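As a basis for the values below, the full set of heavy atoms in this structure was taken, side chains included, without hydrogen atoms, waters or symmetry mates. The sequence lines fix the lettering, A, B, ..., with proteins before strands; numbering per chain opens at 1. Owing to the predicted nature of the structure, the values given are computational and were not obtained by experimental measurement.
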Amino acid sequence: MYDGRRTGGQADEVNRNQAGIDGARISESHGLRDRGPRGADARTRLLILVLIASAYLLIVFFWGLFMDPEMYATRFADKFLPPGFAHPFGTDFTGRDMFFRSVKGLSTSLVIGAIASAISSVIGLVFGIASAVIGGKFDKFILWCIDCCMGLPHLVLLILISFMLGRGAFGVMAGVALTHWPELTRIVRAEVLQLRSAQYVIASYRMGMSKFRVAKSHIVPHVLPVYLVGLVLLFPHAIMHEASITFLGFGLPPESPAIGVILAESMKHIATGKWWLALFPGLMLLVAVLLFDLIGENLKRLLNPTSGNE
Amino acid sequence: MDNESKPVVLSVEDVGVSFRMYAKGLRRTALPVIRSLGLDVCAGEILAVIGSSGSGKSLLAHAILGILPGNAEVSGTIKYNGKTLTSALQKQYRGSEIVLIPQAVDWLDPLMRVGKQVIGTKGSKEEMQRAFARFGLSPETERLYPVQLSGGMARRILISAAIVGEPKLIIADEPTPGLSVDLAKETFLYFRELADRGAGVLLITHDVDLALHFADRIAVLYAGTTMEIAPTRDFLSGADALRHPYSKALFDALPQNGFRPLAGSQPYAGDLPRGCMFAARCGMRTDACFADVPMRSLRGGEVRCIHAT
Amino acid sequence: MRLEAHHLDFRYPKTDKWILKDVSLTVGAGERLALVGPSGSGKSTLSALLSGCLAADAGTVLWDGKPLPVKGYCPVQLIRQHPELSVNPRRKMGKILCESWTPDKALLEKMGIEERWMTRWPAELSGGELQRFCIARVLGPRTKFLICDEISTMLDVITQAQIWRLILDVTVQNGLGLIVVTHNPALAKRVCDRAIDLTDINAARP
């Protein structure tokens, strides 16, 4: 054997043999689609997990979006109530219900996260594909941009952009969107590069397929799952960063119901024993972030036609 | 070959392997992949197991070593030196007395220098260097990581790793793809040497030619069961010396012989017919073939066919 | 019509070791050549160059006196050693098979390709089964020359005989030229008219 690529190819083949053939032989007669010995079980479980997590996040999202502002209005009579039946998360220094405020705040974060991730992922997709397909100087330039973005501390860059664009929802969104594309760009670029030299893509060209046909039948089906997973995994980052810069005072204005604002306010009262002001909203944020991560990771496995064999 | 005089190192008796799996919905079914498989390996002998892909050759190796996936169930008995192999014994012997030369080159730990992997927990540096010299690996190879190896080198490393120490039973699962003909021959010669020193070698391969050159006996597998076990000389002397119609078909299909194909394909696991697995493709088929066909002795070998003479 | 290679040089990018140096070769249509040589001697690389799957650093490959087409169906088709790498793992077998032409039922039957495999994913078939698809998909009428790079190493002998018989039938019927890369001398003798050892015509010394 003469070359690293070849050896890599062999290892690849061998992997497939191990994961695929024994399991495949078994599943063949039953016509179970991409399911190995324990596949059906594992896949169903993954799917249920993903559905539950998505349901939770969607409920929070819509509930917050259409919530009557009365639910978290100021009621000075009720200020600093500890968690109880009427107010599960307690109330703050102006008597606002912390549960509804947290839901509303998280919902706001999700909206900003969704828009920012969407923009970011499209940038990543376009740059990644262009970089791999055009190559040469353009590729070098994109790689340089990626290095620049990733070389700077994330939060510093975010604050800078958000501050420059006048803070507020727009500033935060732009900041988050413009700082999260490099990773996805790198992943998409690597995927496309690898596909372009794949034996079946070369074979397809030699069998007379046009570039468009190759892209449609070979490239897109591989890049799309990568993109989708990348998109979902961007969410937690976006939400976390939105909350962080809002907390630091460079993001959403203090009067808006955002998790970052809530947490910043709670800092003033935590020393006086109002623990619930920080704990519950913080937990909600954490759970949301972890759930996104879980959805992304499981989606990765669900979208892989052979992962059922694991 | 006079097997009675030599101690049997490995005996596989009526072994079956099936996989538990989920059929439609959550209903569990068992899928038999290997059925009533029986063979012996004697000390000082190379037994080649040949057969088409999907006939369960690799699974047999994994069953002997106890490294099947968790949803596999093994029935029947596997004995090593007369003792039934339990999973505790398998663990104890694995890697020291019973070694596997795996089919896949990714069995190497990607994060460990290959020299260390070859020495393992039981070998010594000298043994490793001897093994490297033997298989034409330069001493510097020791310091490489698996990704830096070519396919052929990785395979030689796997062989070196297996033979460091003094294994009593060597199970080689397709050890030669990726090796040049010369190196493949060298490898087989080495197996021969180990066998002559008293080890038993179970050689799983689909390279009939190489098996013919180096094995003492050949077991023919088809659809997860043994069809025939015959001394190698029968394979050399021609189709007439063989017993089972499938072995004869294999012989006739070799390019140096008739190069004659055979219609049909091997039945699939889970879809296995009753009675003789080969009946659907066999010219000698009668109704009796669809009842259970046991293994029987015939002309110094064993065959699973009621019509064989 | 014939396939000609003139003074081919090749090395992988960013390496300075030549795999092929000054390799020339001519094979006529209807001729069957076995290409032999030890592993690492560049047989697979030469196969890829002759079928236009790789570009040579110097030298030319001519089919019928003209360079191989860059676009459109290439009359010289290559079947590779590892079928798992030659099919898209995210397409079903039916689509893979019919990428460039639609083989008729009789051919599929002769190849031992079963109808129910069409709805499977590549990971659900063994190497031998996949290889049959890779062979069938290039046996169309537009193929004028076939290069087989160790295509039968993963097949058992019965399937091997079956598939080679079929390839020979098709090459005779369509007047195809054939290059067979193999380690098996008996197979080379059985299938081909003549053999070339690549080390004899390759000036690069590995």
* Based on non-hydrogen pairs under 4.5 Å, which of C/Arg165, C/Lys110, C/Glu150 is most in contact with chain B? -> C/Arg165
* Leading residue by heavy atom contact count with chain C [cutoff under 4.5 Å; candidates B/Gly258, B/Pro255, B/Gly51] -> B/Pro255
* To do: Please flag which part of C/Leu166 lies under 4.5 Å from any non-hydrogen atom of chain B: side chain, backbone, both or neither.
  => neither
* Measure distances from C/Glu109 to the heavy atoms of chain B and classify the residue's part below 4.5 Å as side chain, backbone, both or neither. => neither
* Return yes if some donor-acceptor pair links the side-chain N/O of C/Lys144 with the main-chain N/O of C/Gly177 below 3.5 Å, else return no. => no
* Donor-acceptor pair, side chain of B/Lys248 and main chain of B/Leu242, under 3.5 angstrom -> yes
* Locate the shortest heavy-atom distance separating B/His62 from B/Asp173; write the atom from each residue and the value. => NE2-OD2, 4.4 Å
* Is it the side chain or the backbone of B/Asp252 that comes within 4.5 Å of chain C heavy atoms, both, or neither? -> neither
* Decide yes or no for C/Val191 and C/Leu178: does some side-chain heavy atom of the first lie under 4.5 Å from some side-chain heavy atom of the second? => yes
* Asked: Does the distance from a Lys or Arg side-chain N to an Asp or Glu carboxylate O, for B/Asp216 and B/Arg192, drop under 4.0 Å?
  -> yes
